[in-house]
There are 2 protein chains.
Amino acid sequence: MSERGISSAVIRRLPRYYRYLGELLENNVVRISSKELSIRMKVTASQIRQDLNNFGGFGQQGYGYNVEYLFEEIGKILGLNTIQNMIIIGAGNLGQALANYDFDRIGFRVIGIFDANPRLEGLAVHGIEIKMVDELEEFIKTHEIHVATLTVPKKNARTIASQLEEWGICAIWNFAPTDLHVSDDVCVKNVHLDESLMTLSYNFRNRGKEKYSYHSYMDD
Amino acid sequence: MSERGISSAVIRRLPRYYRYLGELLENNVVRISSKELSIRMKVTASQIRQDLNNFGGFGQQGYGYNVEYLFEEIGKILGLNTIQNMIIIGAGNLGQALANYDFDRIGFRVIGIFDANPRLEGLAVHGIEIKMVDELEEFIKTHEIHVATLTVPKKNARTIASQLEEWGICAIWNFAPTDLHVSDDVCVKNVHLDESLMTLSYNFRNRGKEKYSYHSYMDD
DNA sequence: TAGATTGTTAATCGATTAACAATC
DNA sequence: TAGATTGTTAATCGATTAACAATC
């Protein structure tokens with residue numbers, strides 16, 4: 001309770017470690033040193049060891065890390081070892097695309113899709129019939145929902161987010177181009193696609209102007 | 001040439017400033033101080049002033065910043081004041097959703113959509129007919145393309161990225177869940193949706209364990 | 001054992017925040 | 001002018017990298 005949480009810089013890197021380890025596993029690589037992994041991932045070996053040691057000692061001196069074990073452990077840290085239920089609110093193009101996305105692979109299962117447009121009612125997306133938003137409260141109260149994905153228009157996003165909070169949702173994956181005003185007890189992860197494109201725009205228009213590479217493997 | 005580029009931490013914050021200023025503009029707010037903006041955006045006034053002064057002095061002592069002027073200037077820094085052409089490679093759910101997204105608003109125009117599946121050929125998305133990938137090289141060489149959006153399966157992403165580089169594309173917006181191996185002259189901005197969801201998963205499963213809030217307005 | 005590589009402490013680097021003189 | 005607020009320098013904080021003793 002009194003100790004400082006792990007910095008978001010570290011958390012953001014975990015999925016990338018997980019991805020690289022998954023690929024090593026597919027290629028039947030049994031063990032790997034922080035040095036070897038650092039070369040593949042284009043980061044420092046120090047950073048890898050520091051990052052991992054936030055969560056415990058997963059390696060062995062003189063040997064390195066067992067790929068399968070480390071992969072599993074990072075999966076557990078990220079909560080990918082249990083099935084988590086997700087609902088999608090907003091069944092427009094993006095909402096439907098996400099419903100069709102293969103999130104099972106990382107333990108997430110879409111169990112409900114909602115929209116306000118009556119013309120979409122009952123339409124099946126990825127085998128799930130679209131429900132109307134007025135059924136949302138009942139649905140949330142009768143199901144265990146871990147994450148609510150918000151793919152509604154900007155003008156509706158804040159109102160819905162507040163309702164979600166009221167109904168007990170504590171994690172929102174927000175694709176609406178706005179900041180949500182919810183209490184600190186609710187986790188919000190924003191995916192602002194237009195802002196992502198803007199930073200790409202800046203970078204390629206200013207490439208070559210700076211001394212160092214602008215090419216980063218992180219999503220910045 | 002010899003000076004250090006502006007840090008990516010600063011660049012990442014610009015779109016959010018742009019968004020807040022746009023909203024102030026809509027509400028007919030004429031001027032704003034860094035202090036007032038800092039309260040709305042939940043950042044420090046120091047950070048706002050430091051960030052902006054990387055690009056020049058946009059404010060006036062004793063007055064603050066003119067909202068419209070600052071909005072326009074940040075737009076120019078991000079390159080939103082000119083129309084930029086974009087193509088989308090991969091016309092699956094996500095590719096089609098992005099084709100329908102309103103990027104005009106920030107100056108981006110989708111002028112081509114490509115896929116390898118012959119069953120999609122000629123199908124119109126957002127008024128644009130899907131073309132086959134074997135037409136890609138010719139299309140790129142006869143059009144000015146600023147950004148190529150990659151929404152193809154993981155297994156095809158690297159091959160296509162290398163071809164895009166060869167054909168002269170210098171900015172790739174990558175949605176495939178893999179790192180691309182292109183030269184440093186090509187800007188890559190990754191959007192790894194599964195990894196975004198993983199960090200949300202970590203955060204809400206570990207909420208309350210740390211001293212400070214995990215709720216951030218940045219996409220971390 | 002000798003070599004390799006971790007876990008961890010110390011040093012460096014960069015980013016954020018505070019402070020304040022300049023000035024509108 | 002007096003008050004407000006910037007632009008900018010200095011101080012702090014945190015994150016990254018380097019170094020190395022511990023140990024497999």
Side-chain angles (χ1 to χ4, degrees), chain A residues 3-14 16-17 21 24 29-67 69-70 73-74 77 199 210-214 216-218 220, chain B residues 3-14 16-17 21 24 29-67 69-70 73-74 77 199 210-214 216-218 220:
Chain A
E3 75 201 27
R4 193 74 168 72
I6 290 156
S7 91
S8 70
V10 174
I11 305 305
R12 273 209 315 267
R13 285 192 290 264
L14 292 181
R16 190 159 176 263
Y17 294 139
L21 289 163
L24 288 168
V29 177
V30 174
R31 71 182 179 98
I32 194 153
S33 68
S34 58
K35 182 78 174 81
E36 171 64 18
L37 189 58
S38 77
I39 292 165
R40 292 175 186 250
M41 295 186 66
K42 304 195 180 177
V43 297
T44 62
S46 260
Q47 184 166 73
I48 292 173
R49 294 203 299 278
Q50 286 276 25
D51 283 354
L52 297 178
N53 277 97
N54 280 292
F55 305 97
F58 300 120
Q60 195 168 50
Q61 281 102 326
Y63 174 89
Y65 299 88
N66 178 283
V67 172
Y69 174 68
L70 187 56
E73 289 303 311
I74 295 178
I77 292 165
T199 62
E210 69 281 329
K211 204 166 161 189
Y212 302 105
S213 171
Y214 44 81
S216 159
Y217 283 99
M218 286 308 295
D220 55 13
Chain B
E3 76 201 25
R4 193 73 168 73
I6 290 156
S7 91
S8 70
V10 174
I11 305 305
R12 273 209 315 268
R13 287 191 288 265
L14 291 180
R16 190 160 176 262
Y17 294 139
L21 289 163
L24 288 168
V29 177
V30 175
R31 71 182 180 98
I32 193 153
S33 67
S34 57
K35 182 79 175 81
E36 171 64 17
L37 189 58
S38 77
I39 292 164
R40 291 177 186 250
M41 295 186 65
K42 304 196 179 178
V43 296
T44 63
S46 260
Q47 184 166 75
I48 292 173
R49 294 203 298 278
Q50 286 276 25
D51 282 354
L52 297 178
N53 277 96
N54 280 294
F55 304 98
F58 301 120
Q60 196 167 51
Q61 282 101 327
Y63 174 88
Y65 299 88
N66 178 283
V67 173
Y69 175 68
L70 187 55
E73 289 302 311
I74 295 178
I77 292 165
T199 62
E210 68 283 328
K211 202 166 162 188
Y212 300 106
S213 170
Y214 45 80
S216 159
Y217 283 99
M218 286 307 295
D220 56 12

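Reckoned from all heavy atoms, side chains included, excluding hydrogens, waters and symmetry mates.
As rounded to whole Å, 14 Å separates atom P of C:dT16 from atom CG of B:Leu52. Summarising the geometry, the separation between CZ on A:Arg12 and P on D:dA15 is reported as 10 Å, rounded to the nearest angstrom. Note: OH (A:Tyr63) to C1' (D:dA22) measures 20 Å, nearest angstrom. Taking atom CD of residue A:Gln47 and atom C1' of nucleotide C:dC13, one finds them 13 Å apart after rounding to whole Å. The CD1 atom of B:Ile48 sits 14 Å away from the C1' atom of D:dG7 (whole-angstrom rounding). Taking atom CG on B:Asn54 and atom C1' on D:dT6, their separation rounds to 15 Å, with Å as the unit. In this structure, the CD atom of B:Gln60 is 10 Å from the P atom of D:dT6, given to the nearest Å. What separates CG of B:Asn53 from P of D:dT6 is a distance of 10 Å, to the nearest Å.
Contact check, B:Arg49 against D:dT9: no side-chain N or O comes under 4.0 Å of OP1 or OP2. Regarding contacts with the backbone of C:dT16, a side-chain N or O of B:Arg13 is found under 4.0 angstrom from either OP1 or OP2.
Toward the 5' end of DNA chain D, the nearer of the two residues B:Gly57 and A:Val10, judged by each one's closest nucleotide, is B:Gly57.
For B:Thr199 and A:Arg12, the side-chain atoms include no donor-acceptor pair closer than 3.5 Å.
For A:Ser46 against D:dA18, a side-chain-to-base donor-acceptor contact under 3.5 Å is present. Judged by distance alone with a 3.5 Å cut-off, a donor-acceptor contact links the side chain of A:Gln50 to the base of C:dT9.
No side-chain heavy atom of B:Asp51 sits under 4.5 Å from any side-chain heavy atom of B:Leu14.
The structure places CG of A:Leu24 at 4.5 Å from CD1 of A:Ile32, a figure rounded to the nearest 0.5 Å. If you take CD on B:Glu36 and CE on B:Met41, they are separated by 12.0 Å, rounding to the nearest 0.5 Å. Distance check, rounded to the nearest 0.5 Å: CG of A:Leu21 to CG of A:Leu37 gives 6.0 Å.
For C:dA4, the paired nucleotide is D:dT23, the pair qualifying as Watson-Crick or G-U wobble because both relevant distances are below 3.5 Å. The partner of D:dT9 is C:dA18, by the rule that a Watson-Crick or G-U pair needs both atom distances under 3.5 Å.
Considering only side-chain atoms of B:Gln61, the nucleotide from C:dT6, D:dT5, D:dT17 that sits closest is D:dT5. Out of C:dT17, D:dT8, D:dT6, the shortest distance to the side chain of B:Tyr65 is found at D:dT6.
Residue A:Thr44 is classed as a sugar-phosphate contact, given heavy-atom separations below 4.0 Å to backbone atoms only.
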